[in-house]
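Each remark here refers to the structure printed beneath this line.
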Protein chains: 2
Amino acid sequence: MEDILKNSALSVTASRKRILEIFLASDNALAHQDIETKCADQYDRVTIYRTLQTFLEKGIIHNIPSTDNMIRYALCNEACITTGHHHDNHVHFKCDDCGKTVCLDDVNIPAVNLPKGYTMKEINMVVNGICKSCK
Amino acid sequence: MEDILKNSALSVTASRKRILEIFLASDNALAHQDIETKCADQYDRVTIYRTLQTFLEKGIIHNIPSTDNMIRYALCNEACITTGHHHDNHVHFKCDDCGKTVCLDDVNIPAVNLPKGYTMKEINMVVNGICKSCK
DNA sequence: AATACTTTTGCAACAAAGTTGCATTCTTAA
DNA sequence: TTAAGAATGCAACTTTGTTGCAAAAGTATT
């Protein structure tokens, strides 16, 4: 855990370690709110906002778009952390039943051909449906 | 414009017509805020929220996820409006330069194979990069 | 065209989410 | 150990989204 922070040139603080720990312990993506409920008694709301922002910039976590006004975050793979920018090419799945959002690490986003004149920098794919636990 | 409302079994009111008009006049997807700045002097904020909600449910507009805390809305195609549910299978593109989000109506979302046990209900694909106007 | 009924709107009040500046505390590196 | 820099907590604030209710507008019927 401290390694992750040090590799990203971040100072090792209690709140950062705690938030990382929460991510490592979770099997699904977390919204700001999820993290807040897990540690708002220990750390300030503002600190959580700033920590997530920092982790995003350093490539420790990535954010997952959604249409429910709730951006969720998940740990990146090694490649992101070591290079400092994102290499997340996997599909995300949000279950309509349990509400959990997970990274489908084994499902790569297929290629798309954009119309002439468009340049792709990043691509996001989010699937909604029923997950294997709720099936 | 009135036809669209009537076809969706909605009563024709000034605010609904105005918001539809704004969408028809726009070449890109609009966030709640965009609409508010265009007509907050005429209509209440709450009305705009409720109108967008209604349009979504009736399949007049669809929402586009993003990682910037700004859900955007765009008009649906005929098929959505006539059937009352969404048939939006196109890719969305958000330009990192001008910030505009557009529907790439001609680019279909490619198929993905989900792992065993997952059922797909809806799929969203958003590409970030530089659009043809900013190129 | 007037009526009665239903739907929509605006207002107010509120709740939740996110941001900023600044003083204090903690980390790090020398 | 200490000095410099970075992160945190607090307070205050802005923005975003929600809810209940009375007033107004729309719709269908006569």
Side-chain angles (χ1 to χ4, degrees), chain A residues 1-23 29-61 63-73 84 99 101, chain B residues 1-23 29-61 63-73 84 99 101:
Chain A
M1 226 149 57
E2 301 199 357
D3 286 349
I4 296 178
L5 294 172
K6 282 179 183 162
N7 286 339
S8 299
L10 290 176
S11 41
V12 179
T13 67
S15 58
R16 285 177 181 166
K17 280 195 286 185
R18 177 77 184 105
I19 292 177
L20 260 187
E21 186 182 45
I22 292 173
F23 274 110
L30 299 169
H32 169 92
Q33 205 191 14
D34 299 323
I35 295 166
E36 203 175 308
T37 55
K38 282 186 211 291
C39 66
D41 47 332
Q42 315 171 58
Y43 304 108
D44 196 77
R45 230 159 45 86
V46 179
T47 300
I48 301 174
Y49 278 111
R50 293 198 266 226
T51 302
L52 290 174
Q53 191 54 42
T54 305
F55 284 2
L56 260 187
E57 285 162 8
K58 294 293 183 177
I60 297 174
I61 58 176
N63 53 8
I64 303 164
S66 84
T67 48
D68 67 355
N69 261 324
M70 263 230 185
I71 295 178
R72 290 175 182 79
Y73 305 88
T101 299
Chain B
M1 225 150 57
E2 301 199 357
D3 286 350
I4 295 177
L5 294 172
K6 282 180 184 163
N7 287 340
S8 299
L10 290 175
S11 42
V12 179
T13 67
S15 58
R16 285 177 179 166
K17 280 195 286 184
R18 177 77 184 107
I19 292 177
L20 259 187
E21 186 183 44
I22 292 173
F23 273 110
L30 300 169
H32 170 92
Q33 204 190 15
D34 299 323
I35 295 166
E36 203 175 309
T37 55
K38 282 186 210 293
C39 66
D41 48 331
Q42 314 171 59
Y43 304 108
D44 196 77
R45 230 159 44 87
V46 178
T47 301
I48 300 174
Y49 278 110
R50 293 198 266 225
T51 303
L52 290 174
Q53 190 55 42
T54 305
F55 284 3
L56 261 187
E57 285 162 7
K58 294 293 183 177
I60 297 174
I61 58 176
N63 53 7
I64 304 164
S66 83
T67 49
D68 68 355
N69 262 323
M70 263 229 184
I71 295 178
R72 290 174 182 79
Y73 305 87
T101 298

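Note on naming: letters A, B, ... go to the chains in the order of the sequence lines (proteins, then strands), and numbering restarts at 1 for each one.
B/F23 and B/Y73 get closest at one heavy-atom pair: CE2-O, 3.3 Å. For B/R72 against B/A29, the heavy-atom pair with the smallest separation is CB-CB, 3.8 Å. Smallest separation of non-hydrogen atoms from A/L5 and A/S11: CD1-O, 4.4 Å. For A/K17 against A/E2, the heavy-atom pair with the smallest separation is NZ-OE2, 3.5 Å.
Rounded to whole angstrom, the span from the CD1 atom of A/I48 across to the P atom of C/dA17 amounts to 12 Å. Put simply, CG on A/D44 is 15 Å from C1' on D/dC13, counting in whole angstrom units. When the P atom of C/dG18 is taken as reference, atom CG of B/D68 falls 12 Å away, rounded to whole Å. The interatomic distance linking A/E2 (CD) with C/dT27 (P) rounds to 10 Å, in whole Å. Between the CG atom of A/D34 and the C1' atom of C/dA17 there is a distance of 14 Å, rounded to whole Å. For the pair A/Y73 OH and C/dA17 P, the computed distance is 12 Å after rounding to whole Å. Taking atom CG of residue A/L52 and atom P of nucleotide D/dT8, one finds them 11 Å apart after rounding to whole Å.
Contact annotation: the side chain of B/F55 approaches that of B/R16 to within less than 4.5 Å [non-hydrogen atoms, C-beta and beyond].
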Per-nucleotide protein contact along nucleotides 17-30 of chain D, 5' to 3', at a 4.0 Å heavy-atom cut-off (B base, S sugar-phosphate only, - neither), is BBBB-----SS---

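Taking CG of B/L30 as the start and CD1 of B/I22 as the end, the distance is 7.5 Å to the nearest 0.5 Å.
Residue contacts for B/E36: at a heavy-atom cut-off of 4.0 Å it reaches no nucleic acid atom on any strand shown. Among the protein residues, B/S15 comes within range of the sugar-phosphate backbone only, with heavy atoms under 4.0 Å from sugar or phosphate atoms but none that close to a base. A/Q53 comes within 4.0 angstrom of nothing in the nucleic acid, heavy atoms only.
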